[in-house]
Amino acid sequence: MRFALFAAVSTAALIGHFSVPAGAGEPVIGEPTIVNDELVFPPDVVIPRYLTDNEKKWLETHPHVMSRAVTPPPTGPIHCAAEYEPMDGIVLTWKSFTAIQTTMGKEITTTGAADLYVICDSAGVQTSANTALTNAGANMSRVKYRIYATNSVWVRDYGPRYIYEGDCRALTDHDYNRPRPLDDELPANFATFKHHAFYEHQLIHGGGNYHLDANNRSYATELIWNENPLLTHTQIHDLWQSYQNVDTHIFPPFPTSVDVTQHLDMWMQVMSDNTVMVSDWPNNVGSTQDVICDNAAVYMAGQGYTVFRVPAFSVSGVHYTFTNVVMCNNLVLLPSYTSPTVSPSNATALATWQSAVPGKTVVQVGCQAIIPSAGAMHCIASHVPKHRGVVGGAGGLAPTAYLKNLRGGESLPPAVPVNINWISDDDVSVSNVDILLSTDGGATYDVTIAATTADDWVQSWNPPNIYAPYCRIKIVARDGLGNTGFDASPADFAITGAPVPGDVSCDAHVTLVDLDPFVQALLDVGSFTGCNINAADVNVDTLLDGRDAVLFADLLVP
């Protein structure tokens, strides 16, 4: 039921896609086969971006492919990273169109000054990728490999979507809108690889049907509504709001005869807080796709964006676009084409992009081989934003942490176990953490709950039997160089145990801070300025007198 939209796409609309070879040295474009009621993905063919005939057939009897449990949303504060923000790196799955990926990798690791995360099916694939990137002149110190088998190259659609929770990077994930199970599991695997928090929501989705800016405004097409018919439009909007803190505007989709994916990244790219690139259709003025783009340009201008336009073309069932780019720091990777209808516009697209992103280097990459599969470079790349840590004293960036609970307002009974939860982040890795307790509202953290403990994001703790209404927790994360960063409760929580005798200030200690209010309790109850007058009854005989004063003096810590 959820995939009824794709089942309605005719085979005739895809004939042009299947008939075009992938290019010299690349596997041919094909599709998975059905063997014993299972989809089998041959290693020697390119699986296209769109839903293939065999996948549609398989979905008729397997309509729901979600295999992972939905997680609660992040507790915030949340910022969903825009593609033009500072990037740590780009993820590629080294599977198809490797000549294009080689050029991308070389530019990303040099001009883009970013890491390249290369996902490889096997050690042999890694060797091949390493040879290609080395020969192309990539900065190999920035290339990081991960052995993980995937079904297809279209990592934009199934791959990691990053947010910041506090100052820590975390991933949000959706159910991939293709029955490609290995692809669908990559984000969870990548989260483990990077030791980043992972959140799974219930939307069936392809990540290319999505763009956003750094001001929490995001965009998709009505494809997202059609893919999730059991959810209302408001529920779909609110799921993205809950998991990514974005307000999403929905545009009409292109006809499938023009773009079978109906993905937004095939005709729009947000370039900055206030600029956007939108396709134009010089050979199809007044067409449905032209009207959609023109109306979108008007809408985006009304939202305060400066709108730039680049030409787009539909030639023999292939959608040629100049908006499907990869932005990475000061680099923009822009497609170019050899189609006689489209190639005269390569120079126009380059000039337009150079005007739209001053100060960035725009590099054209030949994408004739990939575009018949209904995607270009943006479709095979996923962004990893930079770590937010500041420069550490010992070199590198300092870790960050985010305390997930005990952020204020809780009341904890003594000796009842509670989990302290946090997440962490670093440009390399967090080695260990300290967990500290304050009972004076964060003025000091003089109680160590755990020292140099594993950064596993959970610590079981039995609150002591004290009455302490001004408690806070601090998580101190430490990297291998000794750099530290921390997060702490922004407000007080309480431990509701027995008062510490003499602790009239309720900080779980008897110090000089308690002296004046203790004297007030004994001599002038009406002027008592402490927190708990009952703690002045040190000998617990229900009387406030000199015997309490003697015991208080013995307990007093200067």
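Only a predicted model underlies this, so the values are computations on that prediction, with no experimental measurement involved.
Side chains of His79 and Glu85: a donor on one and an acceptor on the other come within 3.5 Å. Ser336 and Gln364 share no donor-acceptor pair across their side chains, judged by distance under 3.5 Å alone. Between the side chains of Asp247 and His237, at least one donor-acceptor pair of N or O atoms lies under 3.5 Å. Side-chain atoms of Arg146 and Asn189 include a donor-acceptor pair closer than 3.5 Å. With hydrogens and angles left out, the side-chain atoms of Thr232 and Thr234 include no donor and acceptor closer than 3.5 Å. Side-chain polar atoms of Asn209 and Thr221 form a donor-acceptor pair below 3.5 angstrom. If you check the side chains of Asp37 and His62, you find a donor sitting under 3.5 Å from an acceptor. Residues Gln262 and Tyr50 have side chains that never bring a donor and an acceptor to within less than 3.5 angstrom of each other. Residues Gln368 and Ser339 have side chains that never bring a donor and an acceptor to within less than 3.5 angstrom of each other.
For the side-chain hydrogen bond (donor to acceptor under 3.5 Å, both in side chains) with Tyr84, the qualifying choice from Asp273, Asp213, Thr275 is Asp273, the only one to do so. Each of Arg169, Lys194, His196 was evaluated against Tyr162; a single residue qualifies, His196, per the side-chain hydrogen bond (donor to acceptor under 3.5 Å, both in side chains) test. Each of His211, His319, Arg49 was scored for a side-chain hydrogen bond (donor to acceptor under 3.5 Å, both in side chains) with His263, with one residue passing: Arg49. Of the options Thr172, Asn245, Thr75, a side-chain hydrogen bond (donor to acceptor under 3.5 Å, both in side chains) to Glu165 is made by Thr75 and by none of the others.
The aromatic rings of Tyr299 and His249 sit parallel, their planes meeting at an angle under 30°, below the 60° perpendicular limit.
In this structure the side chain of Tyr305 reaches within 4.5 angstrom of the side chain of Val270, judged on heavy atoms. Residues Asn283 and Ser314 fail the side-chain proximity criterion, which asks for heavy atoms closer than 4.5 Å. Contact of the Pro73 side chain with the Tyr199 side chain is not registered, since no non-hydrogen atoms from C-beta on lie closer than 4.5 Å. Side-chain contact between Val278 and Met268 is present, with heavy atoms from C-beta onward closer than 4.5 Å. Leu51 is listed as a side-chain neighbour of Leu59, based on a closest heavy-atom distance under 4.5 Å.
At least one donor-acceptor pair closer than 3.5 Å links the side chain of Ser382 to the backbone N or O of Pro160. Between the Tyr117 side chain and the Val384 main chain, no donor and acceptor come within less than 3.5 Å of each other. The closest donor-acceptor contact from the side chain of Trp154 to the backbone of Ile47 lies under 3.5 Å. At distances below 3.5 Å, at least one donor-acceptor pair connects side-chain atoms of Gln101 with backbone N or O atoms of Thr93. Distance alone, capped at 3.5 Å, is enough to place a donor-acceptor pair between the Thr321 side chain and the Met266 backbone. In this structure a side-chain-to-backbone donor-acceptor pair under 3.5 Å is present from Asn139 to Ser141. Looking at Glu31, its side chain does come within 3.5 Å of a backbone N or O of Asn54 through a donor-acceptor pair.
Taking the six-membered ring for Trp and the full ring otherwise, Tyr320 and Phe313 have centroids separated by 6.0 Å or more. Aromatic ring centroids of Phe322 and Tyr337 lie under 6.0 Å apart. Taking the six-membered ring wherever Trp is involved, the centroid distance between the rings of Trp240 and His205 falls below 6.0 Å.
When all heavy atoms of Val125 and Cys120 are compared, the pair lying nearest together is CG1-CB, 3.8 Å. In plain terms, the two heavy atoms of Cys379 and Asp265 that are nearest each other are SG-OD2, 3.8 Å. The nearest pair of heavy atoms linking Cys293 to Phe254 is SG-CZ, 3.5 Å.
Here Asp88 does not pair with Lys386 in a salt bridge; the nearest charged N to carboxylate O distance is not below 4.0 Å. Remark: Arg388 does not engage Asp425 in a salt bridge, criterion side-chain N to carboxylate O under 4.0 Å.
With rounding to the nearest 0.5 Å, the separation of OG1 in Thr248 from CD1 in Ile236 is 10.0 Å. Atom CZ of Arg142 and atom CD1 of Ile90 lie 12.0 Å apart (nearest 0.5 Å).
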Evaluate the criterion salt bridge (Lys or Arg N to Asp or Glu O under 4.0 Å) for residue pair Glu83 and Arg156; output intermediate values, then yes/no. CA-CA 12 Å; Glu83 294 172 23; Arg156 168 63 50 185; 3.5 Å; yes

Walk me through it: do Trp267 and His378 pass the test ring-ring contact (aromatic ring centres under 6.0 Å, His included)? CA-CA 11 Å; Trp267 57 269; His378 185 261; over 10 Å; no

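For residues 300-325, every residue pair satisfying the salt bridge (Lys or Arg N to Asp or Glu O under 4.0 Å) rule, not counting sequence neighbours, is listed here: Asp280-Arg309, Asp294-Arg309.
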